[in-house]
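As a basis for the values below, the full set of heavy atoms in this structure was taken, side chains included, without hydrogen atoms, waters or symmetry mates. To find a chain, count down the sequence lines: A is the first, B the second, and so on, and within it residues start at 1.
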Number of protein chains: 2
Amino acid sequence: MKDSSDDDFDRIDLKILRALQSEGRLTNADLAERVNVSPATCHRRTQRLFEEGHITGVRAEVAPAAVGLGALVMVGVVLDRSTPESFAAFEGAVLEMKEVLDCNLVAGDFDYLLKIRVRDMADFNKLHGQKLIALPGVRQTRTFFVMKEVKENARLPF
Amino acid sequence: MKDSSDDDFDRIDLKILRALQSEGRLTNADLAERVNVSPATCHRRTQRLFEEGHITGVRAEVAPAAVGLGALVMVGVVLDRSTPESFAAFEGAVLEMKEVLDCNLVAGDFDYLLKIRVRDMADFNKLHGQKLIALPGVRQTRTFFVMKEVKENARLPF
DNA sequence: TTAGAAAATGAAAGATTCTTCCGATGACGA
DNA sequence: TCGTCATCGGAAGAATCTTTCATTTTCTAA
């Protein structure tokens, strides 16, 4: 158990979380008005949500195409061995690859599912040939090029 | 082509994008200092990045577990038919499902890959049985429970 | 039910920041 | 060289932040 207080939000906390999840740069004054609380209370509540780790960060979403990352690729990875050392080595290496946006250990036909952003298909080919299949313990990969991003990083439903 | 000006960032724009991608609630004053520009210039630059759509939004990241969404599941979906109408119907329905955080049309063994957040496995079972397989045109699904989130929503590498 | 303690609240106010105006500076083409 | 245009930083009023403080509310235990 954690050090801080119990983990239950009242209506105000939930409103703050929802508002900031949609508009992370809301002014404390605006947020207070939207939540029907005085600015002082709103400030304290928000500060607490950050301090207790319920809000893990606030991030601007940069349009991928604007920074030359127009291609999205999902990759399923199967490892050689299913030992803890094997998993750890793979995970450590993946954490160093900045092109890998998501990496999840899954149950199913793959060991890991990766989400990767690169400039284009040629770029991915290079990445695949030079880095992906060279990651520790990789036996096989399966590539899914994304042809259309229907929904991306939607807000949490709560 | 869009109406606005050409899409190339100088060193300052890139610094602003990188800074806000990591800390979306940075004060304009702090941001200006970090980027070595006057607050006035920084304000103008940032405003422009928003107006021209290079920053699509700023969002607080809420800890999923804190709001009762401790389970992450990836699902591969195969449709009955590969007609435009079939795709459109499926996508329209998926957009309405708030549990679906990501939905991508892919090339490979599946038609779509979904990323879904729910409370727990029981919750997913219900979702799967009552909504997922009932989505328009779904022939088959393949579920990948996430056992460990190694990397989640990392920053874009630019 | 009631008393007391603990936690949360809103008003207030000085410090900080935002946002815009303005003249100055620099880049570029004729 | 000159004129045009975009961008810059300083300045200042308006707005916001952030903390203090007295009050109110909530909770616990008798």
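The stretch residues 18-35 of chain B touches DNA chain C through B:T27, B:N28, B:A29, each having a heavy atom under 4.0 angstrom from the strand.
Under the 4.0 Å criterion applied to side-chain N and carboxylate O atoms, A:D102 and A:R117 are not assigned as salt-bridge partners. Checked for salt-bridge contact, A:K115 and B:E152 miss the test: no charged N lies under 4.0 Å from a carboxylate O. In this structure, B:R34 pairs ionically with B:E23, as a charged nitrogen and a carboxylate oxygen lie closer than 4.0 Å.
Put simply, the side chain of B:F144 does not reach to within 4.5 Å of the side chain of A:N104, judged on heavy atoms. Contact annotation: the side chain of B:V146 approaches that of B:E149 to within less than 4.5 Å [non-hydrogen atoms, C-beta and beyond].
If you measure from atom NE2 of B:H43 to atom P of C:dT16, you get 20 Å, rounded to the nearest angstrom. Spacing between atom CZ of A:F9 and atom C1' of C:dA8 amounts to 17 Å, rounded to whole angstrom units.
Atom CZ of B:R18 has more than 12 heavy atoms from other residues, nucleotides or ligands within 6.0 Å.
For residues 61-90 of chain A, the pairs satisfying salt bridge (charged side-chain N to carboxylate O under 4.0 Å, His left out) are A:E61-B:R59, with sequence neighbours left out.
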Assign a letter to each nucleotide of nucleotides 4-10 of chain D from its 5' end: B, base within under 4.0 Å of a protein heavy atom; S, sugar-phosphate only; -, no contact.
-> ----BBB

Should A:V75 and A:F110 be marked as a side-chain contact (heavy atoms from CB on, under 4.5 Å) after you check the CA-CA gap, both sets of side-chain angles, and the distance that decides it?
-> CA-CA 9 Å; A:V75 179; A:F110 305 114; over 6 Å; no

